[in-house]
Every structure is written in structure tokens, then in C-alpha cells.
Amino acid sequence: MIRNSIRFKASILYTSVLFVILVIFSGVLFSVTRYVLYQGLDDELRLKSSEIVNILKSYEKLSRSETPHQHLLNKLLGIEDRARLIVDDLWRSDMDALNLKKDYIVILDFQGRPIIRSQNFDAETARVFQEQLPLSVDFMVLKNIRKTGRPFRALNLPFLYNSRNLLVIQIATPMDAVIRMLNQLLYFIGIGILVILGITSFMGGFFTRRILRPVLNVTRIVDNISHKDLNRRIPEMAADAEMRQLIRSCNAMLERLEKSFAHVNEFSSHVAHELKTPLAIIRGEMELALSRTREPAEYEQVLQVSLEEVNRLIRIIKDLLLLARLDYNPDVFQFEKIHLTAFLEEIYEYTHILAEQKGLFSELRLSPAFQASPNQSVIEGDKLHLRRLFLNLINNAVKFTPKGGKITVSLAVSGRSAEIRVADTGVGIAEKDLNRIFDKFFRSGSQKQAEPGSGLGLSMARSIARAHQGDITVHSRPGEGTVFGVILPVIFSVPDNN
Amino acid sequence: MDVLVIDDEQKIRKIFSSLMQQQGFSVRAADSVAAAYDMMLDDPADLVLLDINMPEVDGIFFYDIATTFCKKSKFIVTSVYALADQRQMVPGADAYYDKSDSLAELVRKVRHLMPSSEQPVRG
Ligand SMILES: Nc1ncnc2c1ncn2[C@@H]1O[C@H](COP(=O)(O)OP(=O)(O)OP(=O)(O)O)[C@@H](O)[C@H]1O
Ligand SMILES: [Mg+2]
């Protein structure tokens, strides 16, 4: 499994969360068990001691002589002596039930002098008891003690004998069994945690793989899509909601890619066509001219045509480079504040010159509202490129308007946008061509032969307008004329002090 | 033999016409499919040099129509597209010529299509 994968991370996360939960749970379980077991041990000790005391007391009346309890206890502890004869079977079974063989028992007087000891109670034990279980004549004491490394649970219980003697019984029972049990529990808990973690990390990996399978499927499909089959889409059915979103995004991206690929294809075939035609003409002219000797005038003609075509080539290439820069490199624009009225006057001057050359009328018209208010609208724009935009529109207007027609440049400002219109009374544009005139290389058929041009002018104009957060609109009626409107955002209107 | 040159580019029409005349053919030229259509109805040419990319109606459409009623005419597609693309756009034409190739190449293709009885008179 790769370390930097969702599968790895998910299973690490599962496992560690589960680990924490299991440790807490096991800790609680272990403590409760230990508490219960210790409690049991204490209960047992208390029971044993009170039984012994009871037995002692039940023999109070039987023998008030010397030390009746001595041989009774000896009997309890299975010590053979002469008093054995008076022990009945009942007592024996009682004492057997107490199971005292492994316990150390001592009965002390209130000064701590031992009166009775179990047989196994040697000097060493006495020392341990003295050190670790101090005599208490007032309270019952429960304590853990250690004898030669072995753990014992010990009890100190004061009681009254014969209603007047204050005695203390001290009893210690080994804890080995309980500790062994607890150790075993700990061992099982440890093994259990490991096994559970192993299983969950495996299951976690398994489930994440299942959950992530659609991702892998999508990846595989996307991997197999090349530029040749961009029309392929990732099937959406039977996917989870989140996956469907991803698939939809992928498909949308594919669609955009397909479109731009188609666009690039179409564009390059256009470019090839537009560039090869002038070259074909130059080559043809030259080959034809060279096929036999010609008059100087004929050669001149060939050179003339070739020069025209070379110029055409250069213009197309320049325009294309400019267009590419406009569309893909916003840095070419150098924005500055431009006063619309001054700029428009400059544009109009050029219009006037061009129109006059072709025998057209021209007019500059500012909207009455604009003229009335002494405001000056300012736009943020690149003067050079905006000039180019309007020159393209004006050149078109002049080109497609027959002699005697009129070209009107007008400005209208409303709110935060200004619209500059270039209107002509020319041939107009057919309805079906209206949405194609902004395409690169598009030139409407009827004009193609009559007027030179590469069909890049309007694409360029639109690119420039859009780089200024504006746009270009067109309205036209064939035979009556065309109006191009350039919409540009106005940044502010300042009072005109001049 | 007579040749019809169909191309919207005036300079190309002029070059092809001169070339064909040099080869000794009689030449007519049309600047659009509409004009060419009339000429073909009038008097089908033996050989048609047909441009693909033309405004209004393109050469592909013309080829489809003209081949149905001018079964005897030969068609050479002359365009600036690569030959493979031309073949794809106008399948079944008698020959294809890339306008940026040399004129000699066009002459070779024209001659190849000509019946052997009608060898051209060199101009
Ligand atoms: N004012 C207009 N009146 C009529 N038709 C127009 C007008 N402006 C543009 N057109 C049509 O839109 C087409 C595209 O215009 P565009 O400016 O992009 O190309 P062009 O003028 O042919 O070539 P270029 O501007 O690159 O020299 C033109 O060929 C013409 O058919
Ligand atoms: Mg133009």
C-alpha cells in the first residue's frame, strides 16, 4: 500500500481510533475485574476470620479450662494432638470447607503476643507480619503484604473472647491465583487488541478499496482518453452522489477540451488555407512566367501580383500573432485612463479622412444627454489597442459602403457603461452571417471577391473589447446598413472644468 | 478538349486558365458554383478543375450534383488542402491537386486523365 494514499490514511485512522477505544475499554474492564477479584479475596478473608472466631466462641462453654482454643485451633489446622478425639465430624467438615491449608493464621493478645499460631507460622512469617501488618486493636485492617516475594492479602481483625479478653486474629492468604488470573486477562486483552486491530485494518483497507473503486474506474477511463477520442464520456450510472459530481466535472472538462480541440483543428486548417492560397498564387505566377520568355511588362505584372500576395501573407501572419497575443497574453494591454470625448474626436478624424477619400459622408454624434451635462466620461483602456479596434470597424464601414453613403460615429453613456457606435449605410450583412462575422477568417461570400481582407479584423476587435471587460454588438439589414456597437465600462464621470 | 476552371480566387483562375491554354485546351472559368453550374448545363466540359473552399456553395456540393449529370466529365479537385484531406472531403474524384504544388504536377495529372487520342499541342 502506498503511504500517501487515501486507503493507507483511512486504515491508519480506523486502526488508531479503534486502538484508543479498545485500550480504554480494556483498561476499564481490567480494573473492574481486579476490583471484583480483590473484593472476593477480602470477603473470603473476612469470612474465614469470622468463622474461626465463631468456632472459638462456640467452644467457650465447652471448656473454660486452660487454653481450649489452642487444641481447637490445632484441630482446625489439622494438627494431630490428643484433643482430636473430641472433635466431631461436623467440625471437621466445617473447617475443611474453610480451606485454610495455605493460609498463615495467628491469634494475638492485645499486646501483640502470639497466643495461637497455625503450624506453618514460622519465625520468618512472624517477622513479616510484624513488619508489614502492624497490630491494630481498634480497627479491622486489610492489606497487601509480601513474603519472600510472594504477594499475600492480609487481615487484622480484633475481637472479644469470653466477653472480656481483647484478642486479634491476623490471617494472610496467598494472592497467586488472583494475580495469575489477572495476568491471564491482561494477556488475552493484549492478544485480543492485536487481533482486532489486524482484522480492522484489513477490513478498513478492504472497504476503502471498495469505496474508492469508482475512482479507479474513472481514472482508468480518463487514462484511456486521448486526443483522438475526446468525444468519449465517463458513464455516470450507478455511481454514488459524490462520484457523480466528480464524473460530471470530468465530463464537462472533456467537453470543453473537445470543443477547443475542434476549434484548434478548424483554426489551423483555416490558417493553412489562408496562408497557402497566396503562396500558391506566387508560385503559379512565377512558374508560368518562367515557362517561356516574356515581355518585361509581363514580368512586372508577375512581380506586382507576387508583391500583393506577399503583403497579404505578412498581414495575415501579423494579425494572427496579434490575435494570439490578445487572446492569451493579457500583459500586452497597458491600461490608462482615457477621456472618451477626446478619444472619440481622434477616431472621428480618421473616419472623416477615410470616408472623404472614398466619397462618403461622415458625422460625429454625441447623445444629447451627454452633450448637455458638462461631464467627461473616463474609461480605463489601452489606447493603442482601442484605436486598432475602432480602425477595424471604420475600415469595414468604409470598405462595405458604396460611394455616396454615410458613416456615423456616435457615443451614448448610460450609468456605468459607454456605447460607441460605428454605423454605415452600406451593403449590410445577411442574417445567416451575423453570428459568424466575428469568427476568424470569416468573410461573407458576396464581399469576398470584391474587397480584400483576411477576415481577422472583427475577431481582433472583439478580443480587444473583451479584454476591456466590454463587448461588441452588431445590427444589420442587408442593403440598408450596419451598426457596430462597442460597449465599454466607464470608471467614473468627472465634472468637465474646461 | 475543353477545361472549366472553378475558383473564387481571381488570380488562381487566371493562372490555371493561362496554363491550360498553354497546353492547347480551350478554357472557361467560373468564379462560383452557381456560374459553373450554368456553364456545365450549357455545355459540359471534358475536364473540371474544382476548388473546394468557396463562399456560398462549396465545391463538394458542386461535385455531387455535377457528377450525376455530367458522367463523361473528369474532375480534378484543386485546393490548398493536403491531398489526403481532399480525398476525404471529395471522395471519388479523378485526381487531386494541392495548389501549392508545382504547375508541372498539375499538367502531369491532367495529361494522365486525357484520352491518348487527344494529345495536346504544345504551346
Ligand atoms: N460594416 C460592414 N458592412 C457589411 N459587412 C461587414 C461589415 N463589417 C464586416 N462585415 C462582414 O464581416 C466580414 C468579416 O469582417 P472582418 O473585418 O473580420 O474581415 P475583413 O474586413 O473581410 O478582413 P480584414 O478586416 O481582416 O481585412 C467581412 O468580410 C464582411 O463580410
Ligand atoms: Mg475588416
Side-chain angles (χ1 to χ4, degrees), chain A residues 265-266 268-295 298-299 301-313 316 427 429-430 432-433 436-437 439 441-455 478, chain B residues 5-24 27 29-36 49 51-62 77-86 88-89 96-108 120 122-123:
Chain A
N265 266 342
E266 194 187 349
S268 39
S269 113
H270 268 311
V271 171
H273 190 270
E274 297 298 318
L275 295 183
K276 274 172 95 180
T277 303
L279 286 171
I281 292 171
I282 295 169
R283 182 174 191 166
E285 285 285 348
M286 289 179 168
E287 284 186 349
L288 213 54
L290 289 173
S291 64
R292 61 176 160 80
T293 332
R294 309 263 171 181
E295 295 299 309
E298 281 177 299
Y299 287 126
Q301 173 68 21
V302 170
L303 287 179
Q304 193 61 44
V305 170
S306 299
L307 188 62
E308 269 169 35
E309 294 306 309
V310 167
N311 285 340
R312 177 166 147 194
L313 274 176
I316 292 173
V427 295
I429 302 165
K432 67 174 168 59
D433 290 341
R436 294 172 61 202
I437 53 170
D439 292 352
F441 296 119
F442 178 82
R443 279 182 289 155
S444 93
S446 40
Q447 258 71 57
K448 206 170 166 182
Q449 299 96 329
E451 298 294 342
S454 56
Chain B
V5 177
I6 309 173
D7 202 305
D8 62 314
E9 190 81 43
Q10 179 264 330
K11 286 165 184 158
I12 295 281
R13 286 199 304 273
K14 199 192 121 218
I15 293 167
F16 284 178
S17 300
S18 311
L19 184 72
M20 289 301 118
Q21 270 160 8
Q22 266 184 29
Q23 298 300 313
V27 183
D31 64 355
S32 72
V33 165
L49 302 184
D51 185 22
I52 294 178
N53 194 309
M54 286 183 287
E56 254 122 59
V57 186
D58 67 23
I60 302 171
F61 185 76
F62 178 80
V77 175
T78 57
S79 154
V80 289
Y81 295 116
L83 292 183
D85 294 341
Q86 294 189 24
Q88 212 172 35
M89 286 188 268
Y96 302 88
Y97 170 69
D98 181 340
K99 280 196 266 191
S100 58
D101 284 344
S102 78
L103 292 180
E105 181 69 13
L106 178 60
V107 170
R108 198 182 62 72
R122 292 223 61 169

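Convention: sequence-line order gives letters A, B, ...; per-chain numbering from 1.
- For the options D98(B), D101(B), L19(B), heavy-atom pairs under 4.5 Å to chain A are most numerous at D101(B).
- Put simply, the side chain of Q22(B) reaches to within 4.5 Å of the side chain of L288(A), judged on heavy atoms.
- One distance of note links CG of D8(B) with CZ of R443(A); it measures 8.5 Å at 0.5 Å rounding.
- The distance from atom OG of S269(A) to atom CG of D85(B), rounded to the nearest 0.5 Å, is 8.0 Å.
- More than 12 non-hydrogen atoms from other residues, nucleotides or ligands lie less than 6.0 angstrom from OH of Y299(A).
- The CD atom of E285(A) lies 7.5 Å from the OG atom of S18(B); values are rounded to the nearest 0.5 Å.
- Contacts from residues 275-283 of chain A to chain B, taken as heavy-atom pairs separated by less than 4.5 Å, involve K276(A), T277(A), A280(A), I281(A), R283(A) in sequence order.
- With respect to E9(B) and R312(A), a salt bridge is recorded, a charged nitrogen being found less than 4.0 Å from a carboxylate O.
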